J.: 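My questions all concern the structure below.
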Amino acid sequence: MNRTTVQDAVTKCPPGEELTLAGWVRTVRASKGGFSFLALNDGSCLANIQIVADGKLSNYDAIAKLPTGSSVVVRGQLVASQGKGQRVEVQAGQIDIVGLADAEKFPIQQKHHSMEFLRTVAHLRGRTNTFGAVWRIRSAVSWAIHEFFQKNGFVYTHTPIITASDCEGAGELFRVSTLDLLNLPRDEKGGLDFDKDFFARATYLTVSGQLEAETLACALGKVYTFGPTFRAENSNTPRHLAEFWMVEPEVAFNDLRDNADLAEAFLKHIFRHVLEHCRADMEFFNERIDNTVIATLEGIVASDFERLTYTQAMEILTKADKTWEFPPAWGRDLQTEHERFLTEQTFKKPVIVTDYPSTIKPFYMRLSDDGKTVAAMDVLVPKIGEIIGGSQREERLDVLERRMRQSNLDPANYWWYVDLRRYGSVPHAGFGLGLERTVQFVTGMANIRDVIPFPRTPRLAEF
RNA sequence: UCCCGGAUAGCUCAAUGGUAGAGCACGCGGCUGUUAACCGCGGGGUUCAAGGUUCGAGUCCUUGUCCGGGAGCCA
């Protein structure tokens, strides 16, 4: 259908233009005096456009009592509005009712709804101001991610969703199988006979594309992946999903410092893009959801991230005049309360913590010369906590194999990953950015379930 | 998974152990330019489930289910 979006009609079309609009009715304000006002939204922007329906329209009686949520196609002339609150409105010449919404049953009313309630009608919640804005921001953030990497010479690669690596150290995995769960094949020892399964081996949904991305980076130089990621953790928090989208750049010849530089430039690009291209939606979030989001993003774009080592962070935390639920100590991981103290009280901006103890980080992170720390890097932001986790990778064959064995992993099971260190091995580094946490940070939405259209969490796979 | 809190009309919420209410939504009526329109009237309830205490339970107790907040795991 050839139609004008509400976005274009409201922002750039000149009065006088004949146009066709299509969308969903938010409200109808009928006047017995002979005409009605429809607030029409088509999802292209936050704003509704006001449609003036004259009583002379042949189907006026039906239009005057159109229920919220009904869909219509409107043909008419864009005119300067006589009323306050909008630059233009549409004087309708024809309004076709496409689909009625049962007013008694349609759950989205023009009133406040709780996020919890809207989650139970996830298929319809995009018709609210809040969720329409979140889905548009999510799209803009995704676009900005591609834009940043494409402009900087990265190759967009695709790593597998189904993987046989069963212990990458990044959490519990979902099993992928075509076996009949009610009639499982057994081998001679009574164990599961995976030879009968689709891939003739145990397979899982990926928890990270990193290992594969490393091999591609060591061929193409600069690569990134951007796709769904799965964690079968029994996590019940406003920051965790069982299925989420992750961006993972990987760059050959980059060290930890390059990696931090990349992460900082990358995040700033995303935030700048959203500030420049999603003004109306961002003003909505700033007004209705969190009145600090715009100032926070502007502040981040204009300043440098704080960088410090894990050891320096521990010094700050142990000297702080504060009683901790988990007292900080070198060798222990940073707790949520520690991260929040650093980002929200000490520095009041994003913080990049590097060089963590090797004992609390996975085998693939590069061991430092002191032998005690690895070239790890976490980017922490206020409220959300860890938004990026990354590292320089271990490129030395002997060190990698030793670290794998220390982690009770058999290098033979990772033969292709280890192989990379045999043929022209180079220093390289990368990180993972959680898309949903980024959208949360940008919009101020409190719960991660409200920044992905159909959230997957323990005991929830509806829709 | 652990700790804390919650579940009452379609939605958001009230209700000292003593007749279950309001706003919004919905229906009807009124209103000649409205802006989450406004004014009047009306219908609407297995108080999450199952037990228990009590003359009497939305309210107190037990168990379960679900939801939220915090923590852990992490992006």
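Keep in mind that the numbers below use all heavy atoms, side chains included, and drop hydrogens, waters and symmetry copies. Predicted, not measured: the structure shown is a model, and the values here were computed from it. Lettering follows sequence order; numbering is per chain, from 1.
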J.: Select one nucleotide: of B/C73, B/U12, B/C74, the one nearest the side-chain heavy atoms of A/Glu233.
T.: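 The nucleotide sitting nearest to the side chain is B/C73.
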J.: Can you tell me how far C1' in B/C13 sits from the matching atom in B/A49, rounded to whole Å?
T.: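 Pairwise C1' distance, B/C13 against B/A49, rounds to 23 Å.
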J.: Atom CG of A/Leu241 and atom C1' of B/C73: how far apart are they, to the nearest Å?
T.: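 Taking atom C1' of B/C73 as the reference, CG of A/Leu241 is at 14 Å.
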J.: Could you tell me the separation between the CG atom of A/Leu173 and the P atom of B/C74, rounded to a whole number of Å?
T.: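 Going from CG in A/Leu173 over to P in B/C74 covers 13 Å.
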J.: Counting runs of three or more consecutive pairs, Watson-Crick or G-U wobble, with each distance below 3.5 Å, where are the stems of RNA chain B?
T.: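 Runs of three or more consecutive pairs: B:1-7 with B:65-71, B:10-13 with B:21-24, B:26-30 with B:38-42, B:48-52 with B:60-64.
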J.: List, with names and distances, any nitrogen or oxygen atoms from the protein found under 3.5 Å away from nitrogen or oxygen atoms belonging to nucleotides 6-9 of chain B.
T.:
none

J.: So how far is it from A/Leu308 CG to A/Thr354 OG1, rounded to the nearest 0.5 Å?
T.: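 Between A/Leu308 CG and A/Thr354 OG1, I get 7.0 Å after rounding to 0.5 Å.
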J.: How many Å lie between CZ on A/Phe244 and P on B/C74, as a whole number?
T.: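 It is 12 Å, rounded to the nearest whole Å.
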J.: Got a sec, which pairs hit salt bridge (charged side-chain N to carboxylate O under 4.0 Å, His left out) with one end in residues 236-246 of chain A, sequence neighbours left out?
T.: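 Sorted pair list comes back empty.
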J.: Check the distance between B/C74's P and A/Gln440's CD and give it to me in whole angstrom.
T.: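 Those two atoms, CD and P, are 18 Å apart.
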J.: Whole angstrom is fine here: how far is it from NZ in A/Lys105 over to P in B/G44?
T.: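 A/Lys105 atom NZ is separated from B/G44 atom P by 18 Å.
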J.: By a 5.5 angstrom centroid cut-off and a 30 degree plane limit, is there stacking between A/Phe35 and B/G33?
T.: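 So A/Phe35 does not count as stacking on the base.
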J.: Rounding to an integer number of angstrom, what distance separates B/A25 and B/C38 when you compare their C1' atoms?
T.: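 Roughly 16 Å separates the two C1' atoms.
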J.: When the C1' atoms of B/U65 and B/G23 are compared, how many Å lie between them, rounded to an integer?
T.: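 Approximately 30 Å lies between the C1' atom of B/G23 and that of B/U65.
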J.: Can you list, in residue-number order, the parts of residues 81-103 of chain A that come under 4.0 Å of RNA chain B, counting heavy atoms only?
T.: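 The answer is A/Ser81, A/Gln82, A/Gly83, A/Lys84, A/Gln86, A/Glu89, A/Ala103.
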J.: B/A36 P sits how many Å from A/Gln50 CD, rounded?
T.: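 Computing the A/Gln50:CD to B/A36:P distance gives 11 Å.
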J.: Can you tell me, in whole Å, how much space there is between the C1' of B/A7 and that of B/U53?
T.: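 Pairwise C1' distance, B/A7 against B/U53, rounds to 22 Å.
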J.: Would you list the pairs meeting salt bridge (charged side-chain N to carboxylate O under 4.0 Å, His left out) in which at least one residue belongs to residues 42-54 of chain A, sequence neighbours left out?
T.: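 The answer is A/Arg3-A/Asp42.
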J.: Under 4.0 Å between any heavy atoms, over every strand shown, what does A/His113 touch: base, sugar-phosphate, or nothing? Just pick one.
T.: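 A/His113: backbone/sugar contact only, no base atoms under 4.0 Å.
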J.: Under 6.0 Å between the ring centres of A/Phe266 and A/Phe149?
T.: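 Ring centres of A/Phe149 and A/Phe266 closer than 6.0 Å.
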J.: List in chain and number order the residues that pass ring pair (Phe, Tyr, Trp, His ring centres under 6.0 Å) with A/His338, two or more places apart in sequence or in another chain; answer none if no residue qualifies.
T.: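 If we apply the ring pair (Phe, Tyr, Trp, His ring centres under 6.0 Å) test to A/His338, skipping adjacent residues, the hits are A/Trp324.
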J.: Let me know the distance between CD of A/Gln110 and C1' of B/C26, rounded to the nearest Å.
T.: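 Interatomic distance, CD of A/Gln110 to C1' of B/C26: 15 Å.
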J.: Using the salt bridge (charged side-chain N to carboxylate O under 4.0 Å, His left out) rule, collect all pairs that involve residues 332-347 of chain A, keeping only residues at least two apart or in two chains.
T.: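 Listed by first then second residue: A/Arg340-A/Glu344.
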J.: Could you report the tightest heavy-atom contact between A/Ala252 and A/Ala217, atom names first, then the distance?
T.: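 Scanning both residues, the minimum pair turns out to be CB-O, 3.5 Å.
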J.: When the C1' atoms of B/A15 and B/G72 are compared, how many Å lie between them, rounded to an integer?
T.: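 About 39 Å, rounded to a whole number of Å.
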J.: Can any side-chain N or O of A/Arg366 pair as donor or acceptor with the backbone N or O of A/Ser391 at less than 3.5 Å?
T.: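 Flag not set: sc A/Arg366 to bb A/Ser391 has no pair under 3.5 Å.
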J.: With sequence neighbours excluded, tell me which residues meet salt bridge (Lys or Arg N to Asp or Glu O under 4.0 Å) with A/Asp281.
T.: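 For A/Asp281 the salt bridge (Lys or Arg N to Asp or Glu O under 4.0 Å) partners, ignoring immediate neighbours, are A/Arg136.
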J.: Base contacts versus sugar-phosphate-only contacts with protein, heavy atoms under 4.0 Å: please encode nucleotides 66-72 of chain B as B, S and - from 5' to 3'.
T.: SSSSSBB
J.: How about A/Lys349: does its NZ atom have over 12 heavy atoms from other parts shown lying under 6.0 Å from it?
T.: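 Correct, the count exceeds 12.
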J.: Could you work out the separation of B/A37 and B/C24 based on their P atoms and round it to a whole Å?
T.: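 B/A37 and B/C24 have their P atoms separated by 12 Å.
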J.: Please state the P separation for the pair B/A14 and B/G6 - nearest whole angstrom.
T.: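 Going atom to atom, P in each nucleotide, I get 11 Å.
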J.: What does A/Glu386 touch in the nucleic acid at a heavy-atom separation under 4.0 angstrom: a base, only the sugar-phosphate, or nothing?
T.: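 Here A/Glu386 touches the backbone only, sparing every base.
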J.: Contact class for A/Ile388 (heavy atom, under 4.0 Å): base, sugar-phosphate, or nothing?
T.: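 If one applies the 4.0 Å heavy-atom cut-off, A/Ile388 turns out to touch the sugar-phosphate alone, with no base involved.
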J.: Which word best sums up how the rings of A/Tyr224 and A/Phe154 line up, parallel for under 30°, tilted for 30 to 60°, or perpendicular for over 60°?
T.: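 Rings of A/Tyr224 and A/Phe154: perpendicular, over 60°.
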J.: With a non-hydrogen cut-off below 4.0 angstrom, is A/Phe117 in contact with a base, only sugar-phosphate, or nothing?
T.: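 If one applies the 4.0 Å heavy-atom cut-off, A/Phe117 turns out to touch the sugar-phosphate alone, with no base involved.
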J.: Rounded to the nearest angstrom, tell me the gap between atom CG in A/Asp333 and atom C1' in B/C74.
T.: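 To the nearest whole Å, that distance equals 10 Å.
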J.: A/Arg119: what forms a side-chain contact (heavy atoms from CB on, under 4.5 Å) with it, not counting sequence neighbours?
T.: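 Checked A/Arg119 against side-chain contact (heavy atoms from CB on, under 4.5 Å); matches are A/Met115, A/Glu116, A/Arg125, A/Asn447, A/Arg449, A/Asp450.
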J.: Has the side chain of A/Ser44 got a donor or acceptor atom that lies under 3.5 Å from a matching backbone atom of A/Gln7?
T.: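 Answer holds: yes.
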J.: For a quick check, tell me whether the side chain of A/Arg29 and the base of B/C31 share a donor-acceptor pair closer than 3.5 Å.
T.: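 Check fails, no donor-acceptor contact within cut-off.
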J.: Taking A/Lys361 first and then A/Asp355, would you say they form a salt bridge - that is, a charged N and a carboxylate O separated by under 4.0 Å?
T.: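 No, no charged N to carboxylate O under 4.0 Å.
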J.: Does the plane of the ring in A/Trp135 sit parallel, tilted or perpendicular to the ring in A/Phe131? Use 30° and 60° as the thresholds.
T.: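 It falls in the tilted class, 30° to 60°.
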J.: C1' atom, B/G42 versus B/A9: distance in rounded Å?
T.: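 Result for the C1' pair: 15 Å, nearest Å.
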J.: I'd like to know if the side chain of A/Ser407 and the backbone of A/Leu409 have a donor-acceptor N/O pair within less than 3.5 Å.
T.: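 Side chain of A/Ser407 to backbone of A/Leu409: no pair is present.
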J.: Heavy atoms within less than 4.0 Å of RNA chain B: which residues of residues 256-275 of chain A have one? Give them sorted by number.
T.: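 Output list: empty, so none.
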J.: Could you name each residue pair satisfying salt bridge (charged side-chain N to carboxylate O under 4.0 Å, His left out) that touches residues 76-102 of chain A, not counting sequence neighbours?
T.: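 Output for this query lists A/Arg75-A/Asp96.
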J.: Between A/Phe271 and A/Phe441, does the ring centre distance come in under 6.0 Å?
T.: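 So the answer is yes for these two rings.
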